[in-house]
Amino acid sequence: MDRYLVFGHPVRHSKSPFIHTLFARQTQQELEYGLAEPAVDEFAQALRTFFDQGGKGCNVTVPFKEQAFTLVGRLSPRAKRAGAVNTIKLTDDGVLLGDNTDGAGLVADLKSHGVTLADSRILLLGAGGAARGALAPLLAELPSELVIANRTHTKAQQLAAEFHDLGPVIAQTYEQLAGPFDLVINSTSASLQGELPPLAPALIHTDIAIYDMMYGASDTAFISWAKQHGARQSMDGLGMLVEQAAEAFTVWRGIRPGTKQVLRELKRNLGVI
């Protein structure tokens with residue numbers, strides 16, 4: 001049976017085995033999917049061993065995405081742009097192909113919620129790996145402007161300069177931000193610690209869409225804050241998790257699974273519904 005797994009540290013909390021097992025059942029694909037949690041300095045060897053022993057593909061999560069970028073033999077265009085790899089496939093000619101499905105997953109989830117991206121003004125909070133993965137797919141949707149804000153402004157400036165050829169992207173400090181924005185995406189990990197980006201409450205209005213890439217059994221700190229200040233549409237990253245997994249499954253198996261029922265099952269599993 002074809003073997004897949006997710007590499008991360010820590011990774012025991014991962015819902016990827018749950019998601020991909022449901023995808024396999026839905027598409028009648030014979031595969032097994034597990035977890036691997038090598039020490040941070042042992043990832044490269046663990047990755048080689050997995051494929052030497054017959055592995056067909058894997059997902060890669062924190063903190064190994066940037067390292068995976070350097071270990072594969074071939075990169076997809078979106079992985080090159082992101083500078084990080086979250087999906088690896090052993091190709092028919094024996095080459096490890098690195099891909100990045102995070103941004104595609106984000107865009108697919110936003111669209112599933114009815115969020116209009118074309119001609120919209122988007123604020124992206126954070127300038128780390130999650131933001132890098134999101135930028136090219138977001139700009140491909142032709143927003144009127146995409147503004148990056150980050151606590152370390154120079155990182156936001158570097159990111160905007162790197163992606164400027166793809167569309168109207170600029171960097172601003174949190175103090176420079178001026179509305180209105182149609183969509184705010186929080187790509188920072190602040191919600192994991194129950195913290196908030198230093199965003200002015202005045203930027204939140206009733207017609208704005210709020211997206212936090214983090215998720216949990218209840219609203220993240222950022223979503224709770226946005227709702228308190230009048231945001232009527234808010235989404236967490238659970239749908240993105242499922243959509244990026246569906247994209248990875250398609251890369252591996254050449255068949256795209258449906259996501260709606262899997263997302264419902266995942267929410268039930270997490271106690272969200």
Side-chain angles (χ1 to χ4, degrees), residues 76-84 86 99-150 156-157 159-172 174 176-188 197 199-200 202-215 222-223 226-227 229-248 250-251 256 258-260 263:
S76 72
R78 57 190 179 184
K80 286 182 183 177
R81 267 294 182 179
N86 80 328
D99 201 351
N100 191 305
T101 67
D102 285 332
L106 170 65
V107 168
D109 192 37
L110 285 166
K111 289 182 175 181
S112 76
H113 284 95
V115 177
T116 299
L117 298 173
D119 296 320
S120 65
R121 190 161 182 253
I122 301 172
L123 172 58
L124 179 62
L125 307 179
R132 290 185 62 88
L135 272 168
L138 285 171
L139 289 169
E141 296 298 319
L142 304 179
S144 62
E145 184 176 56
L146 195 155
V147 179
I148 306 170
N150 189 59
Q157 290 176 310
L159 206 54
E162 186 176 338
F163 284 83
H164 189 69
D165 62 307
L166 297 185
V169 55
I170 64 170
Q172 292 185 338
Y174 278 96
Q176 290 173 327
L177 295 175
F181 290 100
D182 301 296
L183 169 65
V184 178
I185 301 170
N186 181 22
S187 77
T188 76
L199 195 66
L203 291 173
I204 306 301
H205 55 86
T206 55
D207 293 327
I208 202 168
I210 299 294
Y211 195 99
D212 195 338
M213 289 190 186
M214 301 298 107
Y215 63 88
F222 183 64
I223 287 177
K227 284 182 175 179
H229 292 284
R232 286 192 302 208
Q233 185 177 19
S234 60
M235 300 145 280
D236 68 13
L238 199 60
M240 176 182 172
L241 176 68
V242 175
E243 293 290 351
Q244 66 82 23
E247 188 78 9
T250 307
V251 169
R256 187 169 193 90
T259 55
K260 290 183 179 179
L263 180 57

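Nothing here was measured: the structure is a model prediction, and the numbers come from that model.
The line from CG of Asp207 to CD of Gln233 is 10.0 Å long, rounded to the nearest 0.5 Å. Note that CD1 of Ile185 and CE of Met213 are 6.0 Å apart. Values are rounded to the nearest 0.5 Å. We find the CG-NE2 distance between Leu183 and His113 to be 12.0 Å, quoted to the nearest 0.5 Å. The structure places CD of Glu145 at 10.0 Å from CG of Leu123, a figure rounded to the nearest 0.5 Å. One finds the CG atom of Leu125 at 5.0 Å from the CG atom of Asn186 (value rounded to the nearest 0.5 Å). We find the CZ-CD distance between Arg256 and Glu247 to be 4.5 Å, quoted to the nearest 0.5 Å.
Among all heavy-atom pairs drawn from Ser144 and Pro168, the shortest one is O-CG, 3.3 Å. Closest of all the heavy-atom pairs between Val251 and Asp99 is CG2-OD2, 3.5 Å. When all heavy atoms of Gln172 and Ala178 are compared, the pair lying nearest together is OE1-N, 4.4 Å. Residue Pro197 comes nearest to Tyr174 through the heavy atom pair CB-OH, 3.7 Å, listed as atom of the first residue, atom of the second, then distance. When all heavy atoms of Ala226 and Ile204 are compared, the closest pair comes out as O-CG2, 3.6 Å. Looking at every heavy atom in both residues, Leu159 comes nearest to Ala127 through CD2-CA, 3.8 Å.
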Exercise for review: Go through the steps for Val184 and Phe222 under the test side chain to side chain contact (heavy atoms under 4.5 Å, CB included), then give the verdict.
Suggested key: CA-CA 11 Å; Val184 178; Phe222 183 64; 3.9 Å; yes
Exercise for review: Before giving the answer on side chain to side chain contact (heavy atoms under 4.5 Å, CB included), spell out for Thr101 and Arg78 the whole-Å C-alpha distance, their side-chain angles and the decisive distance to 0.1 Å.
Suggested key: CA-CA 8 Å; Thr101 67; Arg78 57 190 179 184; 3.9 Å; yes
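Remark: His205 NE2 is packed, more than 12 non-hydrogen atoms of other residues, nucleotides or ligands lying under 6.0 Å away.
Side-chain contact check for Leu203 versus His229: every heavy-atom pair is 4.5 Å or farther apart. A 4.5 Å side-chain heavy-atom check between Glu162 and Leu135 finds every atom pair outside the cut-off. Using a 4.5 Å cut-off on side-chain heavy atoms (C-beta onward), Val115 and Leu117 make contact. Taking 4.5 Å as the limit, some side-chain heavy atom of Tyr211 sits within range of a side-chain heavy atom of Met240. Within the 4.5 Å cutoff, the side chain of Phe163 has no heavy atoms near those of the Ile148 side chain. Taking the side chain as every heavy atom from C-beta outward, Val169 and Leu124 never approach each other to under 4.5 Å. Side-chain contact check for Val107 versus Leu138: some heavy-atom pair is nearer than 4.5 Å.
Neither side chain, Asn100 nor Ser76, offers a donor N or O lying under 3.5 Å from an acceptor on the other.
Partner of Ser120 under the side-chain contact (heavy atoms from CB on, under 4.5 Å) criterion, chosen from Asp182, Leu146, Leu142: Asp182.
Of the possible donor and acceptor atoms, one in the side chain of Arg121 sits under 3.5 Å from a partner among the backbone N and O of Pro180.
Electrostatic pairing of Glu243 and Lys111 does not count as a salt bridge here, judged by no charged N lying under 4.0 Å from a carboxylate O.
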